[in-house]
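These notes are about the structure you will find just below.
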Amino acid sequence: MTTQYWLVKSEPAAYAWADLLRERHTAWTGVRNYQARLHLKAMRRGDRVLFYESVTTKAVVGLAAVARTAFPDVTAGEPGWVAVELTCLRAFPHAVTLAQIKATPALADVALLRQSRLSVMPLRAAEYARIVKLGG
DNA sequence: GCCAACGTTGGC
DNA sequence: GCCAACGTTGGC
């Protein structure tokens with residue numbers, strides 16, 4: 001099966017890219033949205049995941065990969081919610097800002113722009129490649 | 001089942 | 001700090 005591409009959002013105050021750099025891997029818990037959950041469940045080991053910091057940074061700051069497919073999210077108060085394990089791959093030399101993404105016509109359809117509140121979203125291969133290229 | 005009220009996210 | 005978007009809740 002071919003590699004899939006995703007983007008996850010996090011408020012740095014809750015969990016920052018720097019935290020993932022330090023820990024090297026983390027359980028991506030706390031997702032409480034049905035659409036985002038569908039995306040988590042569709043992730044496979046080795047899929048590439050862009051890490052977007054919202055609110056303060058507003059930029060894609062690094063690249064991670066799926067290390068473990070969906071498993072029960074122990075931080076949820078009720079059953080049914082899932083987490084995945086992410087592993088840190090590398091930081092981007094140049095953070096790809098929201099403004100840059102908005103200014104790139106090829107990225108006009110990314111869910112980050114279309115659905116501002118979705119926290120886990122798929123990316124087309126071409127969209128992923130463009131963002132990685134911008135990140136350096 | 002509809003819809004108003006409310007809470008959260010996240011950009012500006 | 002404000003506000004738009006939007007998901008959830010609860011009354012009817």
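Sequence lines set the chain letters: A, B, ... in the order given, protein chains first and strands last, and positions in each chain run from 1.
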Salt bridge (Lys or Arg N to Asp or Glu O under 4.0 Å): which pairs involve residues 43-56 of chain A, sequence neighbours left out? none
Tell me, which pairs form a salt bridge (Lys or Arg N to Asp or Glu O under 4.0 Å) where one or both residues lie in residues 87-113 of chain A, sequence neighbours left out? A/Asp109-A/Arg114
With sequence neighbours excluded, what pairs up with [X] under the side-chain hydrogen bond (donor to acceptor under 3.5 Å, both in side chains) test?
X: A/Thr75; value: A/Arg32, A/Asp73
X: A/Glu11; value: none
X: A/Asp19; value: A/Arg22

Measure across A/Pro105 and A/Ala103 and return the closest heavy-atom pair with its distance rounded to 0.1 Å. CD-O, 3.3 Å
Where at least one partner belongs to residues 35-54 of chain A, residue pairs that pass ring pair (Phe, Tyr, Trp, His ring centres under 6.0 Å), sequence neighbours excluded: A/Trp6-A/His39, A/Trp17-A/Phe51, A/Trp28-A/Phe51
For residues 93-123 of chain A, which residue pairs qualify under ring pair (Phe, Tyr, Trp, His ring centres under 6.0 Å), counting only residues two or more places apart or in two chains? none
Give me the residues of residues 54-62 of chain A where at least one heavy atom lies under 4.0 Å from an atom of DNA chain B, by number, or none. A/Ser54, A/Val55, A/Lys58
Could you list where the contact with chain A starts and ends along DNA chain C, reading 5' to 3', using a 4.0 Å heavy-atom cut-off?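 Result: C/dA5 to C/dT8.
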May I ask you to decide if A/Arg24's main-chain N or O and A/Thr87's side chain share a donor-acceptor pair within less than 3.5 Å? yes
Can any side-chain N or O of A/Lys9 pair as donor or acceptor with the backbone N or O of A/Ser116 at less than 3.5 Å?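 Between the backbone of A/Ser116 and the side chain of A/Lys9 there is a qualifying donor-acceptor contact (under 3.5 Å).
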Taking DNA chain C as the partner, which of residues 28-39 of chain A come within under 4.0 angstrom of it by heavy atom? A/Asn33, A/Tyr34
Take the C1' atoms of the five end pairs on each side of the helix from B/dG1-C/dC12 to B/dC12-C/dG1, get both axes, and report the angle to 10 degrees.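 The end axes of the helix from B/dG1-C/dC12 to B/dC12-C/dG1 are about 10° apart, to the nearest 10°.
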Do A/Leu107 and A/Gln100 make a side-chain contact, defined as non-hydrogen atoms from C-beta onward lying under 4.5 Å apart? no
Listing, residues 119-136 of chain A side-chain donor-acceptor contacts under 3.5 Å, not counting sequence neighbours, or none:
from, atom 1, to, atom 2, distance (Å)
A/Arg124, NH1, A/Glu127, OE2, 2.8
A/Glu127, OE1, A/Arg124, N, 2.8

